[in-house]
Protein chains: 2
Amino acid sequence: MSDAVDAIIGQWAKERPDVVEDLWPVELFGRIQRLARVVDKSAKATAAAHGVEHGEFDVLTTLQRSGPPYALTAGSFLKASMVTSGAITNRIDKMEAKGLVERVREGDDRRTIKIRLTEHGHEVTRAAFADHLANYARLLADVDRDLVEKTAEGLRQVLETLGDTTVK
Amino acid sequence: MSDAVDAIIGQWAKERPDVVEDLWPVELFGRIQRLARVVDKSAKATAAAHGVEHGEFDVLTTLQRSGPPYALTAGSFLKASMVTSGAITNRIDKMEAKGLVERVREGDDRRTIKIRLTEHGHEVTRAAFADHLANYARLLADVDRDLVEKTAEGLRQVLETLGDTTVK
DNA sequence: CTTGATAATCTCAACGTTGAGATAAAAGCA
DNA sequence: TGCTTTTATCTCAACGTTGAGATTATCAAG
């Protein structure tokens, strides 16, 4: 059997035999890229079913898993979410309008604002996250469980080597 | 050692012990998502160094590896690139303006257009792709080669199961 | 205190993508 | 031949993100 990445590498081997020896990272990164798109598209649909954007869902789950008081600074999302500041401001604006979160100024430093999950936000997150996990399980339903674990372990070592070790 | 995904799962385990048993797909998909962002960001910078967008680089390499006559229909990009038709039209517009590709109508079917790599497009692709592979190799420089292969093989099986088997 | 530097968030124009609809050509069928 | 359906591409407004710069607050020195 072969997948889309095998096909791509096969094409390169024929057209550019001079680069064949340098294609081995494509075996890993090419598959990561394709899988990410498939999984993201699926996750996006799940979030949409609950009326939230993909990025908004990310904010919701980050807040919920942070535990009480379910409030984090805007800056912490910046570091954790791998997007720029403008995107965060935009997300919070829309989520605030939907009543999912609220901006609160507390503490000594009045530059910082905290984004706090509202009760409504909690409910949406619980429902959406349950669907999200069910969707994930569905995607992997026909994949050997042991293979999933071993592959995930391999990816973890790559992530560690690349320095992606903290959520911040 | 632990990575960002371990930290995320650890937070869930504490805040939502009821979902712990359903988190196993996150071990795989969470890492795929994070790695995809890191790798994409890096690849984007490499492409930018050659004056092309990430998506444009995708079109260039797809054309080059397709072999002579280095021309494909717009529709084939649609199926291969996982983006919508508007994005393809937009990409080709800009690439045509840069002299990287040209639209040609040939053959019996006058609905179809073929996107053909220009000589300049060929040169840019060769240079950018060489840099791209060097960048990929650099990212994996400190990762055990055998681990890369085994992990890639695991991902291939997941892709096959999800049905991503052709480039089209 | 002031001054300068640093830090946190917001603003906003430019950009690429989405997705529904438009346009036009080809194919199927009576 | 006409008529409908299908196929291929383009149009365009809405959307989320980027990234540089503005704004406001805090901190560190003198």
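The chains referred to below are lettered A, B, ... by the order of the sequence lines, with proteins before strands, and numbering in each begins at 1.
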_Per R110(A) side chain, nearest of listed nucleotides dG19(D), dA26(C), dA25(D)_ = dA25(D)
*Selected nucleotide, minimal atom distance to S85(A) side chain, candidates dT11(C), dA25(C), dC10(D)*: dT11(C)
*Quick one: is R91(A) getting a side-chain N or O under 4.0 Å of the dT17(D) phosphate, OP1 or OP2?*
yes
*How many angstroms lie between atom OH of Y136(A) and atom CG of L28(B), to the nearest 0.5 angstrom?*
9.0 Å
*Got a sec: does the CG of D18(B) have more than 12 other heavy atoms crowding it under 6.0 Å?*
yes
*On DNA chain D, nearest-nucleotide positions of G86(A) versus K114(B): which is more 5'?*
K114(B)
_Residue whose nearest DNA chain D nucleotide is more 5′ - T84(A) or I88(B)_ = I88(B)
Touch check for [X], heavy atoms < 4.0 angstrom, all strands: base, sugar-phosphate only, or nothing?
X	result
A74(B)	sugar-phosphate
T112(B)	sugar-phosphate
N90(A)	base

What is the distance, rounded to the nearest whole Å, between atom [atom1] of [X] and atom [atom2] of [N]?
X	N	atom1	atom2	result
L78(B)	dC10(D)	CG	C1'	11 Å
I92(A)	dT11(C)	CD1	P	13 Å
R103(B)	dT9(D)	CZ	P	10 Å
R111(B)	dT9(D)	CZ	P	9 Å
R105(B)	dA26(C)	CZ	C1'	13 Å
I115(B)	dC10(D)	CD1	C1'	12 Å
L72(B)	dT9(D)	CG	P	11 Å
I113(B)	dT23(C)	CD1	C1'	14 Å

Under 3.5 Å, which donor-acceptor pairs do the side chains of residues 120-129 of chain A form with other protein atoms, sequence neighbours left out?
| from | atom 1 | to | atom 2 | distance (Å) |
| --- | --- | --- | --- | --- |
| H122(A) | ND1 | Q64(A) | NE2 | 3.2 |
| T125(A) | OG1 | G121(A) | O | 2.6 |

*Determine yes or no for a side-chain-to-main-chain donor-acceptor pair under 3.5 angstrom, with R105(B) supplying the side chain and R110(B) the backbone.*
yes
*Residues in side-chain contact (heavy atoms from CB on, under 4.5 Å) with N90(A), at least two apart?*
K94(A)
*Considering heavy-atom distances to DNA chain C, does G75(A) or E53(B) have its closest nucleotide positioned more toward the 5' end?*
G75(A)
